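These numbers were taken from a predicted model, which means no experiment stands behind them. To find a chain, count down the sequence lines: A is the first, B the second, and so on, and within it residues start at 1.
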There are 2 protein chains.
Amino acid sequence: MKTSIEHIRDKISKKGLKVTPQRICILEAIYDLDNHPTADNITEYIRETHPNIATGTVYKVLETLVENNLIKKVKTDRDIMRYDGIIEAHHHLYCSECDLIEDYMDHELDELLKDYFKKKKFPGFKLEDIVVQIRGTFDKC
Amino acid sequence: MKTSIEHIRDKISKKGLKVTPQRICILEAIYDLDNHPTADNITEYIRETHPNIATGTVYKVLETLVENNLIKKVKTDRDIMRYDGIIEAHHHLYCSECDLIEDYMDHELDELLKDYFKKKKFPGFKLEDIVVQIRGTFDKC
DNA sequence: TTCTTTAAGGAGAATGATTCTTATTTAGTA
DNA sequence: TACTAAATAAGAATCATTCTCCTTAAAGAA
């Protein structure tokens, strides 16, 4: 289901950010692609409708969206940054053969981890979030 | 406790690899630094004793060590690669304020995840490894 | 011990990803 | 409608990693 432009405008303005066409289409691209895209993936997608968007703008807007918790960065072991449009807590399936990363949500797993970490102490460390990296290989890659 | 050079030589030769001074000192650097270093961190460390080692050589050796399961790449959300000298299954504490990454081992957590994932099905996906990203902030950063 | 072979390393160029700088444009408010 | 500060465009600069080609050396055979 495609996210409406109105919904996106709302998300952006609620963060006290100017609602610019670039920000709208970058966020829309991330939702539409829905595959933890790189900045280049996003730029290519957007240039179908906005041929003149600058690479620097894309990086700049991505940084702004991350800082304002509208998107998240995804951890990978490559020298390239990826982005996630889902900000609610979830986990990832990583393929060790290719760059595919899939979302994984399961309330049971969340509760299980929540209970475990409630019991644990981490002196000098303030816990914020738990993300499970589920590593393996996809048949389709 | 510092790993002996003999131990390192043994690890390298057991993988059928030539034992070169560069490979020994790169692996030693990773063990000594023990902080999920970048290629640049490793290069700087090594140049104290091997001033002429080439950057390309460091990247090449790191790639070889990863391929042979002597070290592992660490997932981060930056455009820079980090390496881990501990190949046994473990988890990581990530600081959201700085680049610090600390190891976290707990058999209880491992068993808990093992049991959970034993029950789950992932059609089209062959599970290999589970790593937990424990995100938060360190007081000391 | 010496020689040979193939793999590894050195040096630096090339490539790709990201950041920075400056001038122009524009979103939002008055 | 006008104004202002923020955002964007364009391209240069920087940084991280890979590639190419020539030289060196680890390891094994003789």
Side-chain angles (χ1 to χ4, degrees), chain A residues 5-6 8-29 36-47 49-68 70-71 73-83 99, chain B residues 5-6 8-29 36-47 49-68 70-71 73-83 99:
Chain A
I5 303 299
E6 280 318 300
I8 289 177
R9 297 182 69 94
D10 196 53
K11 279 173 176 273
I12 296 172
S13 64
K14 271 197 165 100
K15 296 288 181 178
L17 297 170
K18 285 188 175 182
V19 181
T20 68
Q22 295 83 1
R23 288 176 176 175
I24 294 175
C25 64
I26 287 171
L27 196 45
E28 185 179 21
H36 308 96
T38 64
D40 197 53
N41 296 150
I42 292 162
T43 302
E44 279 178 18
Y45 183 85
I46 287 169
R47 281 184 174 156
T49 53
H50 296 69
N52 290 352
I53 194 161
T55 304
T57 298
V58 176
Y59 277 98
K60 189 70 174 167
V61 168
L62 287 170
E63 183 70 13
T64 299
L65 297 176
V66 169
E67 281 168 0
N68 286 276
L70 286 166
I71 62 174
K73 282 187 180 181
V74 182
K75 293 189 196 296
T76 72
D77 54 25
R78 303 293 296 275
D79 71 317
I80 194 161
M81 281 157 6
R82 287 185 174 273
Y83 300 85
D99 296 325
Chain B
I5 303 298
E6 279 317 301
I8 290 177
R9 296 182 69 95
D10 194 53
K11 280 173 176 271
I12 296 172
S13 65
K14 270 199 167 99
K15 296 287 182 178
L17 298 171
K18 285 187 176 181
V19 181
T20 68
Q22 294 84 1
R23 287 176 177 176
I24 293 174
C25 64
I26 287 170
L27 196 46
E28 185 179 22
H36 309 96
T38 64
D40 198 51
N41 296 150
I42 293 163
T43 302
E44 280 177 17
Y45 183 85
I46 287 168
R47 281 184 175 154
T49 51
H50 296 70
N52 291 352
I53 194 160
T55 304
T57 298
V58 176
Y59 278 98
K60 188 69 172 167
V61 169
L62 287 171
E63 185 69 14
T64 299
L65 296 176
V66 168
E67 282 169 358
N68 286 276
L70 285 165
I71 62 174
K73 282 187 181 180
V74 181
K75 294 190 195 295
T76 72
D77 55 23
R78 304 291 296 273
D79 71 318
I80 194 161
M81 281 156 10
R82 287 184 175 274
Y83 301 86
D99 295 324

If each end axis of the helix from C:dT1-D:dA30 to C:dA30-D:dT1 is fitted on five C1' pair positions, the angle between them, to 10 degrees, is 30°
How long is the gap from CG on A:Asp79 to OG1 on B:Thr38, to the nearest 0.5 Å? 12.0 Å
dist A:Leu62:CG -> A:Lys60:NZ (nearest 0.5 Å) comes out at 12.0 Å
Hey, could you give me the OG1/NZ distance between B:Thr76 and A:Lys75, rounded to the nearest 0.5 Å? 6.5 Å
Where each residue is assigned the nucleotide of DNA chain C containing its nearest heavy atom, which of B:Ala54 and B:Arg78 is assigned the position nearer the 5′ end? B:Ala54
Comparing nearest nucleotides in DNA chain D, the 5'-proximal residue of the pair B:Val19, B:Tyr59 is B:Tyr59
Using the side-chain contact (heavy atoms from CB on, under 4.5 Å) rule, take A:Asp99 and A:Ile80 through it: C-alpha gap first, then chi angles, then the decisive distance, then the call. CA-CA 11 Å; A:Asp99 296 325; A:Ile80 194 161; over 6 Å; no
What is the minimum heavy-atom distance between A:Tyr83 and A:Ala39, and which atoms define it? CE1-N, 4.3 Å
Residues, nucleotides or ligands: over 12 heavy atoms within 6.0 Å of B:Arg78 CZ: no
Using atom types as modelled and distance alone, determine if a side-chain donor or acceptor of B:Arg82 lies under 3.5 Å from a backbone N or O of B:Val74. no
Base, sugar-phosphate alone, or nothing: which one does A:Asp40 contact when heavy atoms must sit under 4.0 Å apart? nothing
What's the separation between atom CD1 in B:Ile71 and atom NZ in B:Lys11, rounded to the nearest 0.5 Å? 11.5 Å
Along DNA chain D, 5' to 3', what are the outermost nucleotides having an atom less than 4.0 Å from a heavy atom of chain A? D:dA6 to D:dT17
Quick one: pull up CD1 in A:Ile46 and CD in A:Glu28 and give me the separation to the nearest 0.5 Å. 9.0 Å
Enter the distance from B:Leu27:CG to B:Gln22:CD here, rounded to the nearest 0.5 Å. 13.5 Å
Backbone of A:Lys18 reached by a side-chain donor or acceptor of A:Arg23 within 3.5 Å: yes
5' to 3' on DNA chain C, which nucleotides open and close the contacts with chain A (atom under 4.0 Å from a heavy atom)? C:dA17 to C:dG28
Assert: residue with more 5' nearest nucleotide on DNA chain D, out of B:Arg9 and A:Lys18, is A:Lys18
Mind checking if B:Thr20 touches a base, just sugar-phosphate, or nothing, with heavy atoms under 4.0 Å? sugar-phosphate
Which part of the nucleic acid does A:Pro21 contact within heavy-atom distance under 4.0 Å: base, sugar-phosphate only, or nothing? sugar-phosphate
Hey, which sits more toward the 5' end of DNA chain C by its nearest nucleotide, B:Leu17 or B:Asn52? B:Leu17
